[in-house]
Number of protein chains: 2
Amino acid sequence: MRNVTIKDIARLSGVSVATVSRVINNNGRFSEETRQKVLQVIEETGYQMNFSAKSLRMNRSFTIGILVPDISNYFFADVVQQIEEKFFELGYSTIICNTARNSDKEQKYLTILESKSVDGIIVISGASEEGIEFNFEKTIPYICIDRKPKDEKNTLFISSNHYQGGFIATEKLIELGSKQPVIVLHQLLTSSSKERAKGFVDAMKKNSLYFDETVNQLILGTEQDDITQQVTDFLTKHPETDSFFTTNDILALKILKIVKTLGINIPASLKVIGFDDVPSSQYSTPTLSSIRQNTEEIARVATKSLLAFIDGDDKQQGKQILIPVELVSRESIE
Amino acid sequence: MRNVTIKDIARLSGVSVATVSRVINNNGRFSEETRQKVLQVIEETGYQMNFSAKSLRMNRSFTIGILVPDISNYFFADVVQQIEEKFFELGYSTIICNTARNSDKEQKYLTILESKSVDGIIVISGASEEGIEFNFEKTIPYICIDRKPKDEKNTLFISSNHYQGGFIATEKLIELGSKQPVIVLHQLLTSSSKERAKGFVDAMKKNSLYFDETVNQLILGTEQDDITQQVTDFLTKHPETDSFFTTNDILALKILKIVKTLGINIPASLKVIGFDDVPSSQYSTPTLSSIRQNTEEIARVATKSLLAFIDGDDKQQGKQILIPVELVSRESIE
DNA sequence: TTGTATGCGTTATCAC
DNA sequence: GTGATAACGCATACAA
C-alpha cells in the first residue's frame, strides 16, 4: 500500500490540503471542529509526515550534523551521545560523521551535510592533527568543540578549560609533596595539550618551583613500543622525579605499568595524574587519578548555542566558552 | 546567493534539465560533448545536488538508520563506526539513533526514520532488556545485530557466536589445568549471555567435568556494591575454585581487583577470562584475557546483507549468521 | 541524442 | 476559517 499523504488526509476528512497542513503544524486558523476531524483521520490512517518533502519546501531538514574524529574514543562518544540526546528532545535528528581523522573524508561529509540541508553542524576536535583548516564557509551555522576554528568570527568555540586542568592537577601533586613533578607529552601537540602544559608550568611557577625543560618534561617520540625504554631512561637519568602529569590517560596507564615493573611504589614514591578520566582508569592498579571533562556541560552549551545560531542569533559569534574541569582523585595519588 | 540548481546548470550549459540530470547520474544517453560541457559548468558553479528533492522524487534517501542502545559502550561504538565507514564508501550516510535502552525512544526513532525515508535500518542489540518486541513491520528493510527479531522471517539475524566464545574460553581454562571452573553471570540474562553460559557448560561436559549449579556458577545480584561481598563469600565457601569465566569484561575486571585484595595469586592459583575485550583489559593488573568479538566481520556482513535487502534480494531472510569469536590471551591466564 | 512536461508531498501566498 | 494553487529541485516517461 502506498504511503498515506496529506492529500489522503484532506480527502478523508473532507477539507483541503492547506487546512490539513495548518492543523498539523498548528499554524494559521481553523475551527476546533475541523481540527478534531483531521487529527482523528491522521490517527486512523497512521499518517506520517514526509521529511523529504517538508525539507525541500522549507529548506530545512530538522537534522544536524556532528563531525567527530573517532566515535570509538570514549570522550567523543560521550559528548556525541549527550548532544544527540538533547537535540532529539527538540525534534532534531543527528547525522554522525566519523571523519577517522581524515580531512578528505571530513570535506566530503561537509558537502553531503550541505546537500542534505542540515540546519547546523557541530565540529568536534580536528580531522587530522591541529593546523588543518576548516574549509567550510558556507551559510550553515556551525560551532566548534575542542577545535580552534580558522575563522573565529562566524562561529563559537567551546572547549574544556585545559589550562585549568593542567594547573589543578599540578597544584595537587605539589600540595601532596611533589618537589619535582614531570609533565609527559607526545611530540606533536594538539592545542589542548599545549594548554594543559601551560597550566602545568604556571602551577609550578606559582608554587615557587622552577620549570626546567630537561628535568620537568618528558617528550615521547612517536613509536609506541619505545615508550617503556623512554620512560625507564628518563627515570634513570632523573631519579628525583616524584610525580607525573600526563596529557592523557592512556599515557598515564602505560606509565603506571612501566613504573610498577621498575619496582617503584605508587603513590608513595611517585604520584600520577592523567587526563580525560577514561573508564580504564578505574580498573588499573593502582586506580588512576585524572582530570575529568564535563561532557554534559559541553553538550549543553553546544546544543544551546547552535540552536541560537540557527535561530539567527549571532551575539555569541566569535566568542570562546571555557568549561571547567575537575580532578578525580584515586589511588595513584592517595 | 541562492543555491545553484540543475536548472541553472541547464541554462548555463545550453541544454535542458533532463540532459543535465542524465549526465549527473550517468544514466540514459548523451554525447560526449554535452557531458564535458555540463560537467564543466557544474565544476565552475560548485553545484551540489539537493538531497531532499532527490529523496522526494525517488523515494530513497541514501541514508540508513542505526539503532544502538548506548553509543558510549565500546563494543557498540566499534561496530557502529565500522558500519558507518562501509556505508560511507558506498555513498550512504547514517543516522545514528541512540536509544538509551529506552523502548519509547526507540519507537519514536523508528517513526522518524520512516519519515525520512531511510533506505534501511540496522538494529543493534535491544532497547531495553531482552524480550521487548520490535514493533516495526513496515516495508523498510532491516537487519538485526545481537538481537533476536520478533518476526525472523522478514529480516536477518547477525550475531557473534557467543556459544563458541563460552566454549573456547572454558576449554582453555581446563586445558591450563583448571579442575573447578566457575562461570560468573548477572541475575538477568541477555540471550547472548545465555549462549555464553551454554558454551561453558558444554565445554565442561566435553572435558568430563560435571557441572554443578552450586559449585560451578556464581550468580550476581543486581546491587553493584555488593559484588565484593558476593565474590568473597563464594570463594570462602568454594575454596577449590581455580578459574573464573565471566560473561563480560567489566565483571572480570572487578573480580580481578577483589581477588587481589584477598591475596590470591592470578594466574597461578586462579585464572580469569572475560568477554568483549574492552580497552581496559589491557591496563588492568594482571592484564585480562578475554573473548574478542569480530566487529569488523559483523559490520561487513551487516552492511552487505542490508544492501542486498535494499536491492530486493530476500534469499537471506529468516537466516541467522554466526560470526566466530577469538580468545585473546593475556596475563590473567598466562 | 535531446527537450518538454509531469509529479513526488509539503508549505505558503493568495483569494474568497 | 477555508480552498486553490504555485513553488521547492529533481528524475523520468514520452516526444521529437
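Reminder, nothing fancy here: chain letters follow the sequence lines and each chain counts from 1.
Ring pair A/F87/A/Y92 is perpendicular by interplanar angle, where above 60° counts as perpendicular and below 30° as parallel.
Summarising the geometry, the separation between CZ on A/R60 and P on D/dA7 is reported as 23 Å, rounded to the nearest angstrom. The separation between B/D8 atom CG and D/dC10 atom C1' is 13 Å, rounded to whole Å. In this structure, A/I24 places its CD1 atom 11 Å from C1' of C/dG9, rounding to the nearest Å. Following rounding to the nearest Å, A/E32 (CD) and D/dG1 (P) show an atom-to-atom distance of 12 Å. Regarding B/K7, its NZ atom lies at a distance of 11 Å from the C1' atom of D/dA6, rounded to whole Å. A straight line from CD1 of B/I6 to C1' of C/dC8 spans 14 Å, rounded to a whole angstrom. If you take CG of A/N27 and P of C/dT10, they are 15 Å apart, rounded to a whole angstrom. Distance A/N25 CG to C/dA12 P: 7 Å, rounded to the nearest Å.
B/S21 comes within contact range of at least one nucleobase, with a heavy-atom separation under 4.0 Å. Among the atoms of the strands shown, only primed sugar atoms or phosphate atoms (P, OP1, OP2) are found under 4.0 Å from some heavy atom of A/V15. Nucleic acid contact class of A/F51 (heavy atoms, under 4.0 Å, all strands): none.
In this structure, the nucleotide among C/dT1, D/dT2, C/dG9 sitting nearest to the side chain of B/S31 is C/dT1. The side chain of A/N50 sits closest to C/dG9 out of C/dG9, C/dT2, D/dG9.
For B/E89 and B/R300, the salt-bridge test fails: no basic side-chain N is under 4.0 Å from an acidic carboxylate O.
Contacts between residues 33-43 of chain A and DNA chain C, counted as heavy-atom distances below 4.0 Å, involve no residue at all.
Because its NZ or CZ atom is both nearer than 6.0 Å to the ring centre of B/F88 and within 45° of the ring axis, A/K105 counts as a cation-pi partner of that residue.
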Legend entry - Evaluation steps, salt bridge (charged side-chain N to carboxylate O under 4.0 Å, His left out), between B/E114 and B/K108: CA-CA 10 Å; B/E114 203 175 357; B/K108 277 190 195 157; over 6 Å; no
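Applying the 4.0 Å criterion to OP1 and OP2 of D/dG1, one finds that A/T19 has every side-chain N and O outside that range. Put simply, A/S16 has a side-chain N or O that comes within less than 4.0 Å of OP1 or OP2 on D/dG3.
Mapping B/G14 and B/L56 onto DNA chain C via the closest heavy atom, the residue that lands nearer the 5' end is B/G14. Judged by closest nucleotide on DNA chain D, B/S52 is the one of B/R22 and B/S52 placed further toward the 5' end.
No side-chain donor-acceptor contact under 3.5 Å links A/D78 to the backbone of A/Y74.
Residues passing the side chain to side chain donor-acceptor pair (under 3.5 Å) test with A/S72 are A/D70, B/Q81, sequence neighbours excluded.
B/I9 pairs in a side-chain contact (heavy atoms from CB on, under 4.5 Å) with only one of the listed residues (B/V15, B/I24, B/V20), which is B/V20.
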